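Scroll down for the structure; my scribbles are underneath it.
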Protein chains: 2
Amino acid sequence: MTGTTDAPRSPGRPRSTRAAEAIIEATLDLLAEGSTIEAISMEAIAARAGVGKATIYRRWPGKDALLRDALRTLKGAPPQPTGHSVREDLILLVGAIGHTIDPRAAKIMPCLLPEAQRSPEHYALCQSIIEPRRAVMREVLRRGVRSGELRADLDIEVTMAMLTGPMLIQRVLNWNPDLDETTMPEKVVDGVLTGIRAH
Amino acid sequence: MTGTTDAPRSPGRPRSTRAAEAIIEATLDLLAEGSTIEAISMEAIAARAGVGKATIYRRWPGKDALLRDALRTLKGAPPQPTGHSVREDLILLVGAIGHTIDPRAAKIMPCLLPEAQRSPEHYALCQSIIEPRRAVMREVLRRGVRSGELRADLDIEVTMAMLTGPMLIQRVLNWNPDLDETTMPEKVVDGVLTGIRAH
DNA sequence: CATTTACGATACGGAACCGTTTCGTATCGT
DNA sequence: ACGATACGAAACGGTTCCGTATCGTAAATG
């Protein structure tokens, strides 16, 4: 995908790294502005990137492949909990929901949903982004159960939904415009924690 | 059901009520199948409804107006709590999330999100559907605070997010395919309730 | 029966887009 | 300098869609 394979010395003009980056950037920008994944146009991407359409088709075989690559760049590493206390770790993780490395991710995600609902491929892509983060939280909860900080009979998957859901609908779906997002992670964690804490 | 306005006796052939219903039905069906609100086509609607395009344009001035009317039919009345216990009422309300009168609503909602994010008009439409249900839950929580069943210092809006979020991401976003939706409302309510209950 | 309007079907002009190709130019290795 | 390749821009044929117009037919009123 990226132009320079190591082995063959390129005989002619090498492909511009800037162009490839500009194309990816333009794609993410357009998605973040609310264009549906299927409503986005190659011509709009090319125009936004200041690039000819041929330059895009020289690198990707079609729109689907380009979108796949663009979305893949959003998969940042999930935040790493400090391991000090379960409460602190959960606040960190809950606060990070919708705060991926790229701030556009939160705006792109809802645009991806309609496709993910029908296309198993896009659904798998979404899950592949979500699952690593879920794994981190799952481990924090298991740790809490082992250490006795959390109830032994805890339903971990439901608990994760209880921690994740409120932030997700607020940050991604903009469910209630009046809520304060900055203090919300702490409130949610404390609310749930008091319920699930062993005594 | 009476398509005919009473006042003027219609001189010619009256408009078919069946056609209008078929058009609305076809629109909702297509949306429920995953078509984005902006990717849907009048020709597809006409074909699905078994109707000529002219029949649509005789009733609605354009696509936007038709979609508005179609979406409006999804606004069923929110469920009414029994008022017996806060826990029972909350389980009822949480269980009803994504279970509107029309089962297609849950599939249509995510398709509406990309538009709602950019267009204030669509956002207002979404909120007008959500807000009445939120009001019911808010009243149940306030009642619980007054009766002493819930803590006096409860943050009602955050609590609603904690109750609504988990079910919403599960039913609408299909967040975790392994979770059991039928037992989830009770688990979520009990989880949150134990945290917010006054002792 | 005559008139009036709606019906489904079909065709139209105009616009947007896709994916490809062709320009003339710019930039590399040799 | 030279050939090779990538570049941005533009045009192409083909498809899809919108909103309108035009068919012949169907269903109401008078």
Side-chain angles (χ1 to χ4, degrees), chain A residues 1-27 30-31 33-70 111 114-115, chain B residues 1-27 30-31 33-70 111 114-115:
Chain A
M1 321 209 153
T2 37
T4 58
T5 43
D6 325 304
R9 48 199 78 208
S10 45
R13 174 176 175 178
R15 290 192 180 165
S16 158
T17 314
R18 264 190 81 250
E21 289 170 2
I23 292 168
I24 295 282
E25 282 298 298
T27 305
L30 287 173
L31 281 175
E33 284 171 12
S35 299
T36 319
I37 197 175
E38 62 182 348
I40 210 171
S41 83
M42 295 296 264
E43 271 158 357
I45 295 174
R48 178 67 146 258
V51 154
K53 276 201 296 177
T55 303
I56 301 180
Y57 283 103
R58 220 170 274 127
R59 292 170 166 78
W60 291 275
K63 181 157 57 163
D64 288 345
L66 168 58
L67 288 174
R68 252 194 307 275
D69 273 14
C111 304
E115 287 298 304
Chain B
M1 67 190 328
T2 55
T4 57
T5 45
D6 325 303
R9 48 202 78 206
S10 45
R13 175 177 175 176
R15 289 191 181 168
S16 159
T17 315
R18 265 191 80 248
E21 289 170 3
I23 292 167
I24 295 283
E25 281 298 297
T27 305
L30 287 173
L31 282 174
E33 284 172 13
S35 298
T36 320
I37 196 175
E38 62 184 345
I40 210 170
S41 81
M42 296 294 265
E43 273 157 1
I45 294 174
R48 178 66 145 258
V51 154
K53 277 201 296 176
T55 303
I56 301 181
Y57 283 103
R58 218 170 275 127
R59 293 168 167 78
W60 290 275
K63 181 155 63 161
D64 289 345
L66 168 58
L67 289 174
R68 251 194 309 275
D69 273 15
C111 303
E115 286 297 304

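Chain naming here is simple, since letters A, B, ... match the order of the sequence lines and numbering starts at 1 in each. Scope of the values below: all heavy atoms of this structure, side chains included, with no hydrogens, waters or symmetry mates. Because the structure is a prediction, the values reported are computed rather than measured.
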Exercise for review: Not counting sequence neighbours, list each pair that qualifies as a salt bridge (charged side-chain N to carboxylate O under 4.0 Å, His left out) and has a residue in residues 53-64 of chain B.
Suggested key: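 Residue pairs passing salt bridge (charged side-chain N to carboxylate O under 4.0 Å, His left out), neighbours aside: B:E43-B:K53.
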Measuring from [X]:[atom1] to [Y]:[atom2], what's the distance to the nearest 0.5 Å?
X: A:E115; Y: A:T36; atom1: CD; atom2: OG1; answer: 8.5 Å
X: B:I37; Y: B:R68; atom1: CD1; atom2: CZ; answer: 9.5 Å
X: A:I40; Y: A:L66; atom1: CD1; atom2: CG; answer: 8.0 Å
X: B:L67; Y: B:L31; atom1: CG; atom2: CG; answer: 6.0 Å
X: A:I45; Y: A:W60; atom1: CD1; atom2: CH2; answer: 9.5 Å
X: B:E38; Y: A:E38; atom1: CD; atom2: CD; answer: 7.5 Å

Practice item. Represent DNA chain C in dot-bracket notation, 5' to 3'. Only Watson-Crick or G-U wobble pairs with both distances under 3.5 Å count; pseudoknot-style crossings use [ ] and interstrand partners use |. Key: ||||||||||||||||||||||||||||||
Check your understanding: Near DNA chain C, which residues from residues 57-68 of chain B have a heavy atom under 4.0 Å away?
Key ->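 Only B:R58, B:R59 qualify.
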Determine the minimum heavy-atom distance between [X] and [Y], stating which atoms define it.
X: A:A22; Y: A:A49; result: O-CB, 3.5 Å
X: A:S35; Y: A:C111; result: O-CB, 3.8 Å
X: B:S16; Y: B:A19; result: OG-N, 3.0 Å
X: A:G52; Y: A:A46; result: C-CB, 4.2 Å

Review point. If you check the A:T55 side chain, which of D:dC7, C:dA6, C:dG8 turns out closest?
Key: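 Closest nucleotide among those given: D:dC7.
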Exercise for review: Taking salt bridge (charged side-chain N to carboxylate O under 4.0 Å, His left out) as the test, write out the residues that go with B:E33, two or more places apart.
Suggested key: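 Per chain and number, B:E33 pairs via salt bridge (charged side-chain N to carboxylate O under 4.0 Å, His left out) with B:R48.
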Review point. Once you round it to whole Å, what is the distance between P of D:dG8 and CZ of A:R48?
Key: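 Taking CZ of A:R48 and P of D:dG8, I get 17 Å after rounding.
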Check your understanding: Is there a donor and acceptor pair closer than 3.5 Å between the side chain of A:K53 and the base of D:dG8?
Key ->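 Donor-acceptor pair under 3.5 Å: no.
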Check your understanding: Hey, does A:A54 reach any base, or is it just sugar-phosphate, or nothing, if we go heavy atoms under 4.0 Å?
Key ->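 Answer is base: heavy atoms of A:A54 come under 4.0 Å of a base.
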Point to revise | Residues within residues 36-45 of chain B bordering DNA chain D, heavy-atom distance below 4.0 Å | key: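 Here the set is B:I40, B:S41, B:M42, B:E43.
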Output one line per pair: protein atom, nucleotide atom from nucleotides 24-27 of chain C, and distance, for all N/O pairs under 3.5 Å.
| residue | atom | partner | partner atom | Å |
| --- | --- | --- | --- | --- |
| C:dA26 | N3 | A:R13 | NH1 | 2.9 |

Review point. Can you tell me if the side-chain N/O atoms of A:S16 get under 4.0 Å from OP1 or OP2 in D:dA6?
Key: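 So the side chain of A:S16 is outside the cut-off, no N or O lying under 4.0 Å from OP1 or OP2 of D:dA6.
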